[in-house]
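What follows is one structure encoded as structure tokens, with my remarks underneath.
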2 protein chains.
Amino acid sequence: MTEAQGTAHRSGEALLYLTDEQLRQGIEAMFFAYRGFTADPDRILEGMSYGRAHHRALHFIQCAPGTTVNNLLIILGVTKQSLNRVLRTLIEDGLVESHVGRSDKRERHLTLTEAGQALERELSDAQRMRMRDAYRKAGPEAVAGFKTVLEAMMDDDMRAAYLALRDGR
Amino acid sequence: MTEAQGTAHRSGEALLYLTDEQLRQGIEAMFFAYRGFTADPDRILEGMSYGRAHHRALHFIQCAPGTTVNNLLIILGVTKQSLNRVLRTLIEDGLVESHVGRSDKRERHLTLTEAGQALERELSDAQRMRMRDAYRKAGPEAVAGFKTVLEAMMDDDMRAAYLALRDGR
DNA sequence: CTTGGAATGTCAACAAGACTGACATAAATT
DNA sequence: AATTTATGTCAGTCTTGTTGACATTCCAAG
């Protein structure tokens with residue numbers, strides 16, 4: 001806290017955006033915005049026996065079909081046991097298929113079925129619609145800044161995962 | 001999905017930032033960045049018998065001392081039962097004080113004790129440090145864009161709460 | 001080849017933190 | 001006096017995270 005104010009004061013107005021008050025605003029903006037970010041998919045999923053964890057699994061399987069359980073749990077940042085419960089229900093319900101790896105039979109490769117793709121698309125559409133409205137209101141320069149700050153906020157390994165996904169498409 | 005591409009194509013390069021792929025990147029950026037955003041306070045809290053819910057309560061009591069339980073649960077977007085469990089432990093442990101309202105004796109006004117302020121500051125410092133590093137890396141224009149997009153992403157009532165907090169200081 | 005360790009995934013049990021519903025109390029409002 | 005509002009509490013459930021124990025498969029060192 002003292003350091004931030006010191007830094008800001010040292011350089012005057014030029015670093016006004018680094019004051020504690022500005023940082024606090026940013027923290028609260030993240031908190032409230034993330035609620036909006038998850039609100040639409042959450043609404044769709046309530047009533048089905050699924051939750052946010054299922055949405056995340058569907059999302060990342062969709063964007064890297066054939067990925068392994070291990071890959072997925074690194075991306076999602078949860079334990080394999082936690083992921084497994086989610087995957088089991090998705091597989092039982094015919095939304096995800098699990099195939100034993102051909103070269104390494106310990107691995108399970110995950111893909112979405114037709115039904116899985118349909119649900120993923122429904123969730124994704126809702127989330128993208130909110131994102132698109134926000135982007136449109138804010139304009140392209142704001143969007144560029146938005147991504148720059150988010151990327152800088154990630155842990156190093158998460159940034160690596162993010163960039164790998166981004167560039168892999 | 002088709003609509004977004006349609007929109008982008010209709011106007012050409014000018015709306016490139018509204019393609020599905022761009023939106024998808026934004027979604028993943030939010031996901032990974034939020035993990036970073038909460039990582040430091042989570043690390044501090046693990047081992048204490050507190051969690052993210054306690055952090056949020058401390059944060060918003062700190063930034064609006066004397067706020068009521070009802071205010072707080074609207075801001076936090078949880079039920080009173082859920083908030084009450086958290087507040088009870090914080091009060092028992094002497095981090096939060098609850099005072100009966102002088103004008104309306106049904107209300108309980110919440111404030112942080114010395115110890116509560118100390119913990120809030122520790123958590124806040126960690127979170128602000130990450131925020132400050134991200135802001136510094138990204139620069140002031142990016143930060144402005146970041147806030148613009150986040151604000152546009154909130155639900156209307158959350159944006160109202162955010163702006164009220166912001167302007168109330 | 002065999003054996004032991006590493007990697008991968010599954011099952012079971014538990015904890016945190018959200019939820020709902022029902023109910024109690026006290027104070028304010030009509 | 002009756003109703004509404006603000007708060008607190010108890011009990012039970014659900015999602016989603018955790019650890020621990022275990023089975024299977026692969027690979028490498030003896």
Side-chain angles (χ1 to χ4, degrees), chain A residues 31 34-35 38-39 41-61 66-93 96-111 123, chain B residues 31 34-35 38-39 41-59 61 66-93 96-111:
Chain A
F31 173 70
Y34 198 79
R35 287 253 292 280
T38 57
D42 283 356
R43 242 188 307 274
I44 294 172
L45 288 167
E46 90 178 0
M48 313 190 183
S49 53
Y50 298 139
R52 206 175 289 178
H54 300 83
H55 177 199
R56 289 197 285 252
L58 290 173
H59 177 104
F60 287 107
I61 295 172
T67 190
T68 64
V69 172
N70 211 23
N71 263 331
L72 203 53
L73 61 88
I74 291 169
I75 292 278
L76 293 173
V78 298
T79 58
K80 59 184 176 174
Q81 294 90 332
S82 188
L83 175 58
N84 193 258
R85 180 169 359 89
V86 168
L87 285 179
R88 188 168 44 210
T89 67
L90 290 173
I91 292 169
E92 279 171 5
D93 296 350
V96 169
E97 276 180 343
S98 167
H99 298 289
V100 173
R102 40 162 191 69
S103 62
D104 188 335
K105 290 177 188 166
R106 291 171 303 180
E107 294 178 340
R108 304 299 146 95
H109 296 272
L110 304 167
T111 51
L123 297 168
Chain B
F31 172 72
Y34 198 78
R35 286 252 294 279
T38 57
D42 283 356
R43 240 187 310 275
I44 293 171
L45 287 167
E46 89 179 0
M48 312 189 184
S49 53
Y50 298 139
R52 206 176 288 179
H54 300 83
H55 177 200
R56 290 197 284 252
L58 291 173
H59 176 105
I61 294 172
T67 191
T68 64
V69 172
N70 213 20
N71 263 330
L72 202 52
L73 59 88
I74 290 169
I75 292 279
L76 293 174
V78 297
T79 59
K80 63 179 177 176
Q81 293 91 331
S82 193
L83 176 57
N84 195 258
R85 177 169 7 88
V86 168
L87 283 179
R88 191 167 39 210
T89 67
L90 290 174
I91 291 169
E92 279 170 6
D93 296 350
V96 169
E97 276 179 345
S98 168
H99 297 290
V100 173
R102 42 165 188 67
S103 62
D104 188 335
K105 290 177 187 166
R106 292 171 306 179
E107 296 178 339
R108 304 300 148 93
H109 296 273
L110 303 167
T111 51

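Order of the sequence lines sets the chain letters (A, B, ...), proteins ahead of strands, with each chain counted from 1. Remember, it's a predicted structure, so these values are computed and weren't measured experimentally.
Regarding L83(A), its CG atom lies at a distance of 11 Å from the P atom of dT18(D), rounded to whole Å. Rounded to whole angstrom, the span from the CG atom of N70(B) across to the P atom of dT7(D) amounts to 4 Å. The separation between N84(B) atom CG and dA11(D) atom P is 14 Å, rounded to whole Å. Atom pair E46(B):CD and dG17(D):P shows a separation of 16 Å (rounding to whole Å applied). Atom pair L45(A):CG and dC14(D):C1' shows a separation of 14 Å (rounding to whole Å applied). Rounded to whole Å, the distance from CD on E107(B) to C1' on dG8(D) is 15 Å. As a whole-Å value, the separation of N71(B) CG from dT5(D) P is 16 Å. Regarding H55(A), its NE2 atom lies at a distance of 16 Å from the C1' atom of dT16(D), rounded to whole Å.
Put simply, chain A comes within 4.0 Å of DNA chain C, heavy atom to any atom, from dA6(C) to dA12(C), going 5' to 3'.
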Verdict with supporting geometry, F60(A) and T67(A), side-chain contact (heavy atoms from CB on, under 4.5 Å): CA-CA 9 Å; F60(A) 287 107; T67(A) 190; over 6 Å; no
Decide yes or no on side-chain contact (heavy atoms from CB on, under 4.5 Å) for H109(A) and T68(A), but give the supporting numbers first. CA-CA 5 Å; H109(A) 296 272; T68(A) 64; 3.7 Å; yes
Before giving the answer on side-chain contact (heavy atoms from CB on, under 4.5 Å), spell out for F31(B) and L76(A) the whole-Å C-alpha distance, their side-chain angles and the decisive distance to 0.1 Å. CA-CA 9 Å; F31(B) 172 72; L76(A) 293 173; 4.3 Å; yes
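Contact of Q81(A) with dG17(D) (side chain to base): no donor-acceptor pair of N or O atoms is detected under 3.5 Å. A donor-acceptor contact under 3.5 angstrom links the side-chain atoms of R106(B) to the base of dT5(D).
In terms of position along DNA chain D, the nucleotide closest to S49(A) lies nearer the 5' end than the nucleotide closest to the other residue of the pair G77(A) and S49(A). When each of V86(A) and V69(B) is assigned the nucleotide of DNA chain D bearing its nearest heavy atom, the one mapping closer to the 5' terminus is V69(B). Mapping R85(A) and D104(A) onto DNA chain C by nearest heavy atom places D104(A) closer to the 5' end of the strand.
An end-to-end axis angle of 10° holds for the helix from dC1(C)-dG30(D) to dT30(C)-dA1(D), taken from five base pairs per end and rounded to 10°.
Taken to the nearest 0.5 Å, the CG atom of L123(A) stands 5.0 Å off from the CG atom of L45(A). We find the CZ-CD1 distance between R56(B) and I75(B) to be 13.0 Å, quoted to the nearest 0.5 Å. With rounding to the nearest 0.5 Å, the separation of CD in E107(A) from CG in N70(A) is 8.0 Å.
Proximity of V100(B) to R108(B): side-chain heavy atoms (C-beta onward) are separated by under 4.5 Å at one or more points.
Using a 4.0 Å heavy-atom cutoff across all strands shown, S103(B) reaches sugar-phosphate atoms only and no base atom. Among the heavy atoms of the strands, none lies under 4.0 Å from H109(B). Note on K105(A): only backbone sugar-phosphate atoms sit closer than 4.0 angstrom, heavy atoms only; bases stay farther off.
Distances shorter than 4.0 Å separate none of the side-chain N or O atoms of T79(A) from OP1 or OP2 on dG17(D).
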Please tabulate, for side-chain N and O atoms in residues 77-93 of chain A, each donor-acceptor pair with protein atoms closer than 3.5 Å (sequence neighbours left out).
from   : atom 1 : to     : atom 2 : distance (Å)
T79(A) : OG1    : S82(A) : N      : 3.3
T89(A) : OG1    : H54(A) : NE2    : 3.3
T89(A) : OG1    : V86(A) : O      : 2.9
D93(A) : OD2    : Y50(A) : OH     : 2.3

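Judged by distance alone, the side chain of R52(A) and the main-chain N or O of P41(A) form no donor-acceptor pair under 3.5 Å.
Relative to the side chain of S82(A), the nucleotides dT16(D), dA21(D), dG8(D) differ in distance, and dT16(D) lies closest.
Taking all atoms of both residues into account, the shortest heavy-atom contact from T111(A) to G66(A) is CG2-N, 3.6 Å.
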